[in-house]
Amino acid sequence: MQYNHLEIEKKWQKFWAENQTFKASNESEKPKYYVLDMFPYPSGAGLHVGHPLGYIASDIYARYKRHKGFNVLHPQGYDSFGLPAEQYAIQTGQHPAKTTEANITTYRKQLDQIGFSFDWSREVRTSNPEYYKWTQWIFIQLFNSWYNKDSDKAEDISTLEKIFKTAGNTTVNAVCDEDIKSFSADEWKAFSKTEQEEVLLQYRLTFLSDTEVNWCPALGTVLANDEIVNGVSERGGHPVVRKKMTQWSMRISAYAQRLLDGLEKIDWPQPLKDSQTNWIGRSQGAMVTFKVANGSEKNSSEVKLSYKELEDLKELRLNLSKAETTLWDELKNKKGAAKFRKKYTIGTFRVDYVCLAKHLIVEFSGKEDEVARTEFFNNEGFNVIRFTNEEVLQNVVKVVSEINAAIQFPKKIEKTVEKEVVLKDEKSYKIDVFTTRPDTIFGVSFMTLAPEHELVSKITTDAQKAEVEAYIKATAKRSERDRMADVKTISGAFTGAYAIHPFSGDKIQIWIGDYVLANYGTGAVMAVPCGDQRDYDFAKHFNIPIPNIFEGVDISEAAHTDKDGTVIANSDFLSGLKYKKALKLAIFEMEKRGFGYGKINYRLRDAVFSRQRYWGEPFPVYYKDGMPQMIDEKYLPIVLPEVEKYLPTEDGKPPLGNATEWAWDSRNKKVVSNEKLKNKTVYPLELNTMPGWAGSSYYFNRYMDPSNENEIASKENLDYWKEIDLYIGGSEHATGHLLYARFWQKFLFDKGIVPVDEFAKKLINQGMILGTSAFVYREEGTNTFISKGLVEGKKVQPIHADVSLVNASDELDVEAFKNHPLNQDYKNAEFILENGVYKVGREVEKMSKSKYNVVNPDDIVEQYGADSLRLFEMFLGPLEQAKPWKTSGISGVSSFLKKLWKLYFNGDHFEVSDAEATKDELKVLHKTIKKVEEDIENFSFNTSVSTFMIAVNELTALKCNKRAILEPLAILVSPYAPHIAEELWSLLGHKESISTADFPKFEAKHLVESAKNYPISFNGKMRFTLELPLDLSKDEIEAAVMSHEKTIAQLEGRTPKKVIIVPGKIVNIVG
RNA sequence: GCUCAAGUGGCGGAAUUGGUAGACGCGCUGGAUUCAAAAUCCAGUUUUUUCGGAAGUGCGGGUUCGAUUCCCGCCUUGAGUACCA
């Protein structure tokens, strides 16, 4: 019987579908394993051979795990909302749901042909209302949550309202908008409902705000930063402009630190982790406030501590008493801004602990001058609480909770006269800057503000007004693109105003320059020209002094940007200190003197969540008095309405503005016609839709219980499947999908909805499969094509030829080329051959239609079979690497399958022997089991295909047809080539599918050898081999080797200096 | 610029607790089978050579009895990111 892949593959695909062979059970005695591919978007173009690579790898792993006794969850579905379907709808008027459905059908057919073991009963589609009901539900949960930095997690908004009611917002330690106004509990209660909602919106994890967005007029939508490439839209390459719009945003910044920390406990590729780390962009430094000079400065009368005194303090901090240590251990573990310092100096007093941010001093009682201390501290604006040693040692938790209470509900301190003076001073302008190098603060010789900075217009002097305004006008004109392309030109303008250096009191110039970005940090920098190259260039260009604050460093040519080993000089109390010490001491002093504090900054920006698109999830939101209201989750899903046209409305509203049934009847709880908006209880619904990443940020949880109508997934199922054990997909999702999904998972974890805060334990990025393009060479200005070997010295123009017209030996089918519909111009062309054939040139390029190098898997499956395709995709090279596809290579794996098949046949009929296997046969089998098992565990699929080939070659040479060998061999091969394995398995007499057959057990005893073919090296170079028994001692080996004639010949009479013998491995003779 | 990854035959690639470099496959060469072709099978295929050997894993050093593997410096290619204070 001939191996007929077409028949066999169809038969087993049907069998699997009819018997639901790969349906996963939510209850099982077996350990669970969850393998998932990244959510595919069903595009209309169909698959090319690059697409299934990751699916094949994950399928092999899933099948392997089933053989290993795991209950495997391996689902598949579609991320079916998205731009291409909508663009197509705009062009053709076809409903995107319809084209999406058609695309999915094609996609599914292609997948089924390759023999994947997906559990299709769990399929989800993001565009199904039953699915996006839960997307909307999560949105509501985010809206109803705020981030409490003290507990370091998301909490229900009601806990925040409670605090507002009792204490106002001054003690709240939350992640929120920047320009928050403070209010007391009484003020809160006096707010109108709308005012209260406005305030809460500034704290919610998803919120409405006027954001400067990347507006793409051509697409009629807003793009996220990662959807823009080189200043134009990633999709379509349209220009993008900045524009202010009211948008929904997600407060992902609240999770910046946890997203960073979480990377340490997941097994993801380092480059992927690096790019997330990069994207989050944590930088540690200090916020420093510079006052703008107003002419009436006087020197500060701060008490400065000498370096010696500071060292003494440090000593004290290291030698704490037992009670002191106990309390400190509790205090320092407190998270968030309520950061305590120990043994700190306030005025002339030394206090035990102080929280500068909350103006709270904690002391042990029993100090002699308690009354005087309290009075002084209160005058300085500090509250004081005291505990005895015993209180701390007996119940430190109680003490800490009292401290917490004191932080949250501070006693009002009577303001002293001195404070009034300070308040008066505050009327002058201040510039906040963030710096990662507070140690270089004495090197500041000017400040630079972004041209857009709000203070610019206020501080610019009349004399400089014209110049500054001209500069601002010029920068505004420059497009983002220009500014990006041109980083070399130095430009700026002097405002005429001066700032006061907070330490030295010196006046320093304030400039504006477009190298400072308005939307990063505070939009202002303290320029340290000697330590920062951009500041240096700016100073040089405008002749601003460049003070040197580094010991023994030459800065005449360039700034000194190294930190390590640098010693600070000319810097008052920082002089003589190394980078790290200076940095700490600088922050310490700033905090003490009250014009700065240590701070961690993140580059990660809140994510815009609105899209002006039709084909996406509608928001469960309506507007009452201009304030957004969530629709109760009972009434979800809010189904996407029908529209006439998928374009924005004529007055510039998003496409949902075209819907006629798009208003919320708050009394009857349903979507009604817009005509009813006149009614008092009917409100307009949100017109934006959600972005592409909404539906894909939690789908992996939904697969655990995909048809549950009451919950995202039942608690039992979530607890059973927990997280993805193996996630495979492309690296292009590094900072999009994979960051947002981690954010949502952490949020759902905080709310107790999911049991783990990282959704994928291990992740692999599969490499891209590239195309091998073929080129023909046309002599310039003629219609003559010259074969590759003859082009040298001639002026030729390379032209892409369709790869299907070229054979494995790079020979072009000239007639087919001439008759190809795309080559009408070359119908009568002349071809100059070499040795009777036309040879093409080859080059590796991205697989793309325009390069005529796309290979369709359907054709491969038709000609060679799915098993060959699966084997060959794996055989190409390591999964993670990019590698070129060359169809000719597939004949190797194809003939392997034929050889495998032949082992089970004697001529035309199936025949296996029940005789006992020989030693050699067992050795081949167990060698193979060992290697294949290791390879799969290490995701080294390419090498296991080689191993199969070696095994089949060896068993063929041994003429092996023993059941004892061939039965386990079928199981070994089955994850890779499941169709042929199932067929052989059933021929071997089995009635059940091979998919859950136990993986063969490796037994080391079959690999034990009695002799070793030793490599004999001279000075490390192998010269010949010598077969010796393995039980020889070192001395016996040496004797045998040294007396060998080839050794004597090699040595040419010299006496070896040394003989290295590693028994069972190698012999090396030195000399 | 910065960060990361990778450089091994004509091609895809294999080999790392440091121990026989080039497994396996493609392609190529020769042979068998065939009227012929396809398919199949057998042998060879890093370079060089005076046929004894010798050299060789991007380049230059180092550690070691021994380095594709470890360390230092450089070159090239690819990916990500970019006026981030």
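Order of the sequence lines sets the chain letters (A, B, ...), proteins ahead of strands, with each chain counted from 1.
- Applying the 90° criterion around 0 to the glycosidic angle, B/G9 comes out syn.
- Pair assignment for B/C28: B/G44, on the basis of Watson-Crick or G-U wobble contacts that are both within less than 3.5 Å.
- If you check B/U69 for Watson-Crick or wobble pairing at under 3.5 angstrom, you find it has no partner at all.
- With P as the reference atom, B/C74 and B/G80 are 25 Å apart, rounded to whole Å.
- When both distances must be under 3.5 Å, the Watson-Crick or G-U wobble mate of B/C2 is B/G80.
- Among B/A85, B/C24, B/A15, the nucleotide with an atom closest to any side-chain atom of A/Ser946 is B/C24.
- When the nucleotides B/G25, B/U20, B/A85 are ranked by their closest atom to the side chain of A/Asn953, B/G25 comes out on top.
- Of all nucleotides listed (B/U81, B/A15, B/G19), B/A15 comes nearest to the side chain of A/Thr943.
- Contact check, A/Arg1023 against B/A55: a side-chain N or O comes under 4.0 Å of OP1 or OP2.
- Base pairing of B/A15 is not made with any nucleotide, judged by Watson-Crick or G-U wobble geometry with both donor-acceptor distances under 3.5 Å.
- B/A38 is unpaired under the criterion used here, namely a Watson-Crick or G-U wobble arrangement in which both key atom distances are under 3.5 Å.
- Enclosure of atom NZ in A/Lys599 by more than 12 non-hydrogen atoms of other residues, nucleotides or ligands within 6.0 angstrom is indicated.
- Minimum heavy-atom separation, A/His5 to A/Gly865: ND1-CA, 3.4 Å.
- Rounded to whole Å, the C1' atom of B/G22 lies 7 Å from the corresponding atom of B/U46.
- Partner assigned to B/A85 is none, using Watson-Crick or G-U wobble distances below 3.5 angstrom.
- Under the 30°/60° scheme for interplanar angles, the aromatic rings of A/Phe595 and A/Phe503 are found to stand perpendicular.
- Within 4.0 Å of A/Thr1025, counting heavy atoms only, lies at least one base atom of the nucleic acid.
- Distance from the side chain of A/Ser891 is smallest for B/C26 among the nucleotides B/G12, B/U20, B/C26.
- The aromatic rings of A/Tyr976 and A/Phe948 lie perpendicular to each other, with more than 60° between the two planes, well past the 30° mark.
- Residue side chain A/Asn1068 reaches the base of B/C65 through a donor-acceptor N/O pair under 3.5 Å, judged by distance alone.
- Nucleotide B/C51 has no partner under the Watson-Crick or G-U criteria, as no pair reaches both atom distances under 3.5 Å.
- Syn is the glycosidic conformation of B/G52, whose angle stays within 90° of 0.
- Across the C1' atoms, B/A39 and B/A32 are found 14 Å apart, a figure rounded to whole Å.
- Among B/U20, B/U81, B/C24, the nucleotide with an atom closest to any side-chain atom of A/Lys1012 is B/U20.
- Each of B/C26, B/U81, B/C41 was ranked by its minimum atom distance to the side chain of A/Ser888; first place goes to B/C26.
- Under 4.0 angstrom from either OP1 or OP2 of B/G12 there lies no side-chain N or O belonging to A/Asn942.
- Under the Watson-Crick or G-U wobble criterion, with both distances below 3.5 Å, B/U57 is left unpaired in every strand shown.
- One interatomic measurement links the two molecules: CD of A/Gln270 to P of B/A6, which rounds to 12 Å at whole-angstrom precision.
- Distances from the side chain of A/Met1022 to the nucleotides B/G25, B/C65, B/A21 place B/A21 closest.
- Classification of the A/Trp901-A/Phe905 ring pair by plane angle, with boundaries at 30° and 60°, yields parallel.
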